[in-house]
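Since we're looking at a predicted model, the values are computed, not measured.
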Amino acid sequence: MGICGYLAVPGKCLVVLGLKLLFLVPAGVPARSGDSVVKDNITVRQGDSAVLKCNVDNKVSRVAWLNRTTILFAGSEKWSLDPRVILMENTAVTEYSIKIQNVDVHDEGPYVCSILTNKKPKSTRVHLIVQVPARITNISKDVTVNEGSNVNLMCLAVGRPEANIIWKHHSPRGIHKFVTEGEHVELKAVTKEQSGSYECIASNDISNPDVRTVQVTVNYPPFISKARSTGTPVGQKGVLQCEASAVPRADFEWYKEDRRLLNGLNGVKIENQGKQSMLVFFNVSEEDYGNYTCVATNTMGITNASIILYGPGAMHDVNGAAVLPRCSICLLVTVILLYLLKF
Ligand SMILES: *[C@@H]1O[C@H](CO)[C@@H](O)[C@H](O)[C@H]1NC(C)=O
Ligand SMILES: *[C@@H]1O[C@H](CO)[C@@H](O)[C@H](O)[C@H]1NC(C)=O
Ligand SMILES: *[C@@H]1O[C@H](CO)[C@@H](O)[C@H](O)[C@H]1NC(C)=O
Ligand SMILES: *[C@@H]1O[C@H](CO)[C@@H](O)[C@H](O)[C@H]1NC(C)=O
Ligand SMILES: *[C@@H]1O[C@H](CO)[C@@H](O)[C@H](O)[C@H]1NC(C)=O
Ligand SMILES: *[C@@H]1O[C@H](CO)[C@@H](O)[C@H](O)[C@H]1NC(C)=O
């Protein structure tokens, strides 16, 4: 205890101790409560400058600024080795203020201005609060997984006050959806609908939110979404269309019965454009009519669809199955009607 024995507040004790070391406080002068005034907190952003103000009057004989228990300035003499701490050009005689440049989080804490007036010590406390805008420090790398796998995404952020993290999902179809809150996202047994970009938004109201995204790619086997043909008369250009959704993108092959069709041979051309493949007949002949198969393959699987190239008389549905020509149905109905009218 020693020279500090009569003090109740430990912080104050240390301050007084610091001043005693400076021979500012004569031994035996009791520091009464009420000598220390707690001022409002000073809030600054990391990187900015903080000005710590202290009012003095002309009766003041000794002054000092302390950071916790460390003396920064004693009068105009600098004790601190930190170049960021400077004594301000105090124009008014009644001011004894310092400036801390490029404030960092370590600077947060209590600062004390100690004054000796008429052999009486007095101190002003200032609490420096350092704010840090929310900033994402690490985020998961883009991932590619197979349908049904689990995906864990991470987004780490710093900030003072602590950053709040939310996730939003932007699906390839452009639907924005709030996913979850927090640093981690767990997607169990992912479906292809869950692919897309995941946006991590870190905010703490100090500045604009920090936003970064992770791309999640979900592989899935092809499925044929469109298999279409049009009735084509002999002597004209004919086209069979096949469209497959797949990740990675599907490779296409065309067959007539068991025979694989090759691009540029037998009067056909195969045109692949993204998710679509077209079998083009330059000049349709009788022999071209028939049942064709479009095969779509990727690393995840294989699928096929039958598409029929038919003459101008026939009707067709999307699956490629031929139906009766329209007139056959009309004929059938007419026959039944006539049969019924007979009775
Ligand atoms: C100053 O900041 C401290 C710590 O953050 C807090 O406990 C106190 O209530 C604040 N005082 C004022 C006057 O804002
Ligand atoms: C204040 O003290 C803390 C703790 O010792 C230190 O990290 C920080 O750099 C100091 N700041 C100034 C401006 O002296
Ligand atoms: C980000 O986090 C990953 C996984 O925890 C780690 O391997 C990587 O080193 C981190 N990157 C940085 C820049 O901290
Ligand atoms: C299509 O083939 C027929 C018979 O082989 C031929 O007469 C006709 O000129 C061809 N048409 C075109 C546009 O090449
Ligand atoms: C098309 O798929 C069926 C059933 O999966 C299979 O039996 C058939 O061999 C396939 N056809 C071709 C040409 O790949
Ligand atoms: C076309 O061929 C496939 C198999 O190769 C068969 O399943 C389908 O029924 C055929 N379509 C027609 C209209 O004959």
Engineer: Nearest 0.5 Å, what's the OH-OG1 distance between Y111 and T124?
Structural biologist: 16.0 Å

Engineer: Give a yes or no answer on whether the side chain of H127 reaches the backbone of T43 with a donor-acceptor pair at less than 3.5 Å.
Structural biologist: no

Engineer: In Å and rounded to the nearest 0.5 Å, what is the CG to CG distance from N272 to D251?
Structural biologist: 8.0 Å

Engineer: Are I139 and L187 linked, directly or through intermediate hydrophobic residues, by side-chain heavy-atom contacts shorter than 4.5 Å (ILVMFWY only)?
Structural biologist: yes

Engineer: Any side-chain donor-acceptor pair under 3.5 Å between E162 and N204?
Structural biologist: no

Engineer: Specify whether Y292 and F281 have parallel, tilted or perpendicular ring planes, treating 30° as the upper limit for parallel and 60° as the lower limit for perpendicular.
Structural biologist: perpendicular

Engineer: Does the side chain of V105 reach to within under 4.5 Å of the side chain of Q46, using non-hydrogen atoms?
Structural biologist: yes

Engineer: Would you say V185 ends up clustered with L156 if hydrophobic residues are merged whenever their side chains have heavy atoms under 4.5 Å apart, either directly or through other cluster members?
Structural biologist: no

Engineer: So does L116 get a backbone contact from the side chain of S61, meaning a donor-acceptor N/O pair under 3.5 Å?
Structural biologist: yes

Engineer: Honestly curious: do V284 and V280 fall in one hydrophobic cluster under the side-chain, below-4.5 Å linking rule?
Structural biologist: no

Engineer: According to disulfide bond (SG atoms under 2.5 Å apart), does anything in residues 100-143 pair up with another residue at least two apart or in another chain? List the pairs.
Structural biologist: C54-C113

Engineer: Go through the side-chain N and O atoms of W254 and T293 and say whether any donor and acceptor fall under 3.5 Å apart.
Structural biologist: no

Engineer: So for atom NZ, which belongs to K192, do other residues, nucleotides or ligands contribute more than 12 heavy atoms lying within a distance under 6.0 Å?
Structural biologist: yes

Engineer: Give the intermediate values and the outcome of side-chain contact (heavy atoms from CB on, under 4.5 Å) for residues S171 and E193.
Structural biologist: CA-CA 7 Å; S171 82; E193 286 75 27; over 6 Å; no

Engineer: Checking side-chain contact (heavy atoms from CB on, under 4.5 Å) for the pair I115/R62: CA distance, chi angles, key distance, verdict?
Structural biologist: CA-CA 6 Å; I115 305 165; R62 304 276 167 91; over 6 Å; no

Engineer: Working to the nearest 0.5 Å, report the span between CD of Q131 and OG of S207.
Structural biologist: 10.0 Å

Engineer: Looking at every non-hydrogen atom in both residues, tell me the closest pair between T232 and G238 and how far apart they are.
Structural biologist: CG2-CA, 3.8 Å

Engineer: Which atom pair, heavy atoms only, marks the closest approach of S49 to V44?
Structural biologist: O-CG1, 3.7 Å

Engineer: If hydrophobic clusters are built from ILVMFWY residues whose side chains come within less than 4.5 Å, do M300 and V145 share one?
Structural biologist: no

Engineer: For F252, give me all partners under ring-ring contact (aromatic ring centres under 6.0 Å, His included), at least two apart in sequence or on another chain.
Structural biologist: none

Engineer: Would you say D142's side chain and Q215's backbone share a donor-acceptor pair under 3.5 angstrom?
Structural biologist: yes

Engineer: Taking atom types as modelled, is there a side-chain donor on E253 or Y255 under 3.5 Å from an acceptor on the other?
Structural biologist: yes

Engineer: Might you point out which heavy atoms bring V85 and S80 nearest each other, and give the distance in Å?
Structural biologist: CG2-OG, 4.1 Å

Engineer: Would you check if E108 and I129 make a side-chain contact, meaning some heavy-atom pair closer than 4.5 Å?
Structural biologist: yes

Engineer: Less than 3.5 Å apart, which donor and acceptor atoms pair up between the side chains of residues 146-155 and the rest of the protein, not counting sequence neighbours?
Structural biologist:
| residue | atom | partner | partner atom | Å |
| --- | --- | --- | --- | --- |
| N146 | OD1 | N219 | ND2 | 3.1 |
| S149 | OG | N146 | O | 2.6 |
| N150 | OD1 | A189 | N | 2.8 |

Engineer: Under the side-chain contact (heavy atoms from CB on, under 4.5 Å) criterion, do I165 and C200 qualify, and how do the steps go?
Structural biologist: CA-CA 7 Å; I165 297 171; C200 169; 3.7 Å; yes

Engineer: Are side-chain heavy atoms of W79 and F73 found at a separation under 4.5 Å?
Structural biologist: no

Engineer: Decide yes or no for I136 and N138: does some side-chain heavy atom of the first lie under 4.5 Å from some side-chain heavy atom of the second?
Structural biologist: no

Engineer: Quick one: are L52 and I42 in side-chain contact, heavy atoms under 4.5 Å?
Structural biologist: yes

Engineer: Taking side chain as C-beta onward, heavy atoms only, is L72 less than 4.5 Å from K78?
Structural biologist: no

Engineer: Indicate whether any N or O donor in one side chain lies under 3.5 Å from an N or O acceptor in the other, for N55 and T94.
Structural biologist: no

Engineer: Taking C-beta and beyond as the side chain, do K269 and F282 meet within less than 4.5 Å on heavy atoms?
Structural biologist: yes

Engineer: Between atom OG of S140 and atom CZ of R212, what is the distance when rounded to the nearest 0.5 Å?
Structural biologist: 10.5 Å

Engineer: Looking at T297 and I302, would you say the former's side chain and the latter's main chain have a donor-acceptor pair under 3.5 Å?
Structural biologist: no

Engineer: If you look at every heavy atom in E183 and W167, which pair is closest and at what distance?
Structural biologist: O-CZ2, 3.8 Å

Engineer: Do V216 and Q194 come close enough that some side-chain heavy atom pair is under 4.5 Å?
Structural biologist: no

Engineer: How many angstroms lie between atom CG of N67 and atom CD1 of I100, to the nearest 0.5 angstrom?
Structural biologist: 7.0 Å

Engineer: Which residue pairs pass the disulfide bond (SG atoms under 2.5 Å apart) test when at least one of the two sits in residues 206-268, sequence neighbours left out?
Structural biologist: C242-C294

Engineer: Applying side-chain contact (heavy atoms from CB on, under 4.5 Å), run through V112 and R125 and close with a yes or a no.
Structural biologist: CA-CA 5 Å; V112 179; R125 269 166 88 93; 3.7 Å; yes

Engineer: May I ask you to list the residues sharing a hydrophobic cluster with V247, side-chain cutoff 4.5 Å, ordered by chain and number?
Structural biologist: Y220, F223

Engineer: When rounded to the nearest 0.5 angstrom, what distance separates CZ in R160 from CD1 in I206?
Structural biologist: 11.0 Å

Engineer: After noting the C-alpha distance and the side-chain angles of D104 and R84, does the key distance pass the salt bridge (Lys or Arg N to Asp or Glu O under 4.0 Å) rule?
Structural biologist: CA-CA 10 Å; D104 200 3; R84 299 175 304 133; over 6 Å; no

Engineer: Please identify which of these residues, L279, D288, N263, L240, meets the side-chain contact (heavy atoms from CB on, under 4.5 Å) condition with V268.
Structural biologist: L279

Engineer: Which heavy atom in S97 sits nearest to a heavy atom in L87, and how many Å separate them?
Structural biologist: O-CD1, 3.6 Å

Engineer: If only atom types and distance count, is the side chain of W65 paired as donor or acceptor with the main-chain N or O of S114 below 3.5 Å?
Structural biologist: no

Engineer: Hydrophobic clusters here meaning ILVMFWY residues chained together by side-chain heavy-atom distances under 4.5 Å, can you tell me if I270 and M278 are in one?
Structural biologist: no

Engineer: Among Ile, Leu, Val, Met, Phe, Trp and Tyr joined by side-chain contacts under 4.5 Å, find the other residues sharing a cluster with V211 and list them by chain and number.
Structural biologist: I166, F178, I201

Engineer: Looking at every non-hydrogen atom in both residues, tell me the closest pair between N298 and P248 and how far apart they are.
Structural biologist: ND2-O, 2.8 Å

Engineer: Please check if the number of heavy atoms outside L81 that lie under 6.0 Å from its CG is greater than 12.
Structural biologist: no

Engineer: Below 4.0 angstrom, N of the basic side chain to O of the carboxylate: do K226 and E243 qualify?
Structural biologist: yes

Engineer: Does any N or O in the side chain of Y289 come within less than 3.5 Å of the main-chain N or O of V234, such that one atom is a donor and the other an acceptor?
Structural biologist: yes

